[in-house]
Amino acid sequence: MERAATAAEVPAVTACLQSAFFEDPLWGEWAFPDTAVRAERLARLMRAWAEPAIPHGWVRISEHAETVAVWFPPSVQEMSDAQEHAFEQLVQELFGARAAEMQALLESFERNHAGHPPHYYLSMWATHRDHAGKRLGTALLERNLAQIDAERMPAYLESTNPANIPRYEALGFRQRSQFGPQGGPVVTTMWRDARAA
């Protein structure tokens, strides 16, 4: 079963994202090297990214949020001005002396994302560690992409974990460009052309 997450399910969505990204090269290990505080801070970061997507109906989850895909439909603004302001404050709070470095990284995400034709944006994709290896995440994305194909729309994502690149390629995504923080993990942008359903 696959459906849109509701506002009441933001905690479950956040828990899934936090679990899956805890050991992510970028958002886990690089962003929060101190494992003693990683879980709590990562959860706050993931919630700040996922919650604004809920009203658009494209935070797609399995029945009990074992797996999550956070999408933004074409031409939708990811955050309101108020949410952007709150997020900037959160970055300062979470990263302190590293806030400028994190802001520079986020600007790199924006630069690499800019200029594409209208598309669905896969902001995050995750399967809770308790449910990994059951192909739940791939099944969720396959259903999402079938809906996107029905609209004849392309899709875009950034992979922060090289282990996921073959999984995305198997779903029709192709590598576009790479960037990342100096001395840190590589982020790979990927694009999937529009196709008939």
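Counting from 1, the numbers follow the sequence of the chain as shown. Side chains are part of it too, since the values below use all heavy atoms of this structure and drop only hydrogens, waters and symmetry mates.
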### Query
Between Pro166 and Pro162, what is the shortest heavy-atom contact and its length?
CD-O, 3.5 Å
### Task
Please say which of His116, Arg176, Arg192 ends up in a side-chain contact (heavy atoms from CB on, under 4.5 Å) with Tyr156.
His116
### Task
Flag the pair Tyr121 / Glu158 as yes when at least one side-chain heavy-atom distance between them is below 4.5 Å, and no otherwise.
yes
### Task
Just say parallel, tilted or perpendicular for the rings of Trp58 and Tyr120, cut-offs at 30° and 60°.
tilted
### Query
Does some side-chain heavy atom of Glu88 sit less than 4.5 Å from a side-chain heavy atom of Gln92?
no
### Task
Compare all side-chain heavy atoms of Leu45 with those of Phe32 and state whether any distance is below 4.5 angstrom.
yes
### Task
Under the side-chain contact (heavy atoms from CB on, under 4.5 Å) rule, what do Trp125 and Thr138 come out as? Steps first, then yes or no, please.
CA-CA 10 Å; Trp125 174 46; Thr138 298; 4.2 Å; yes
### Message
Check this for me: Gln89, atom CD, are more than 12 non-hydrogen atoms of other residues, nucleotides or ligands nearer than 6.0 Å?
### Response
yes
### Task
Decide whether Ser108 and Arg111 meet the rule of one side-chain donor and one side-chain acceptor closer than 3.5 Å.
yes
### Query
So, for Phe179 and Phe109, is the gap between ring centers shorter than 6.0 Å?
yes
### Query
CG of Asp81: more than 12 outside heavy atoms within 6.0 angstrom?
no
### Query
Is it the case that Asn112 and Ser177 place a side-chain donor and acceptor less than 3.5 Å from each other?
yes
### Query
Given side chains that start at C-beta, do those of Trp71 and Leu141 come closer than 4.5 Å, heavy atoms only?
yes
#### Entry: From CA spacing to verdict: side-chain contact (heavy atoms from CB on, under 4.5 Å), Asn144, Leu122
CA-CA 10 Å; Asn144 295 167; Leu122 180 58; 5.9 Å; no
### Query
When you check the side-chain N and O atoms of Gln83 and Glu78, is any donor under 3.5 Å from an acceptor?
no
### Message
Working to the nearest 0.5 angstrom, can you tell me the gap between Arg143 CZ and Arg60 CZ?
### Response
10.0 Å
### Test side chain to side chain donor-acceptor pair (under 3.5 Å) applied to Gln175 and Glu169, step by step
CA-CA 8 Å; Gln175 298 182 45; Glu169 288 178 331; 3.1 Å; yes
### Task
Determine, stepwise, if the pair Met102 / Trp30 fulfils side-chain contact (heavy atoms from CB on, under 4.5 Å).
CA-CA 10 Å; Met102 177 57 65; Trp30 180 84; 3.4 Å; yes
### Query
Does Trp49 have Arg47 sitting over its ring (NZ/CZ under 6.0 Å from centre, angle to axis within 45°)?
no
### Task
Examine the side chains of His113 and His119 and answer whether a donor and an acceptor come within less than 3.5 Å of each other.
yes
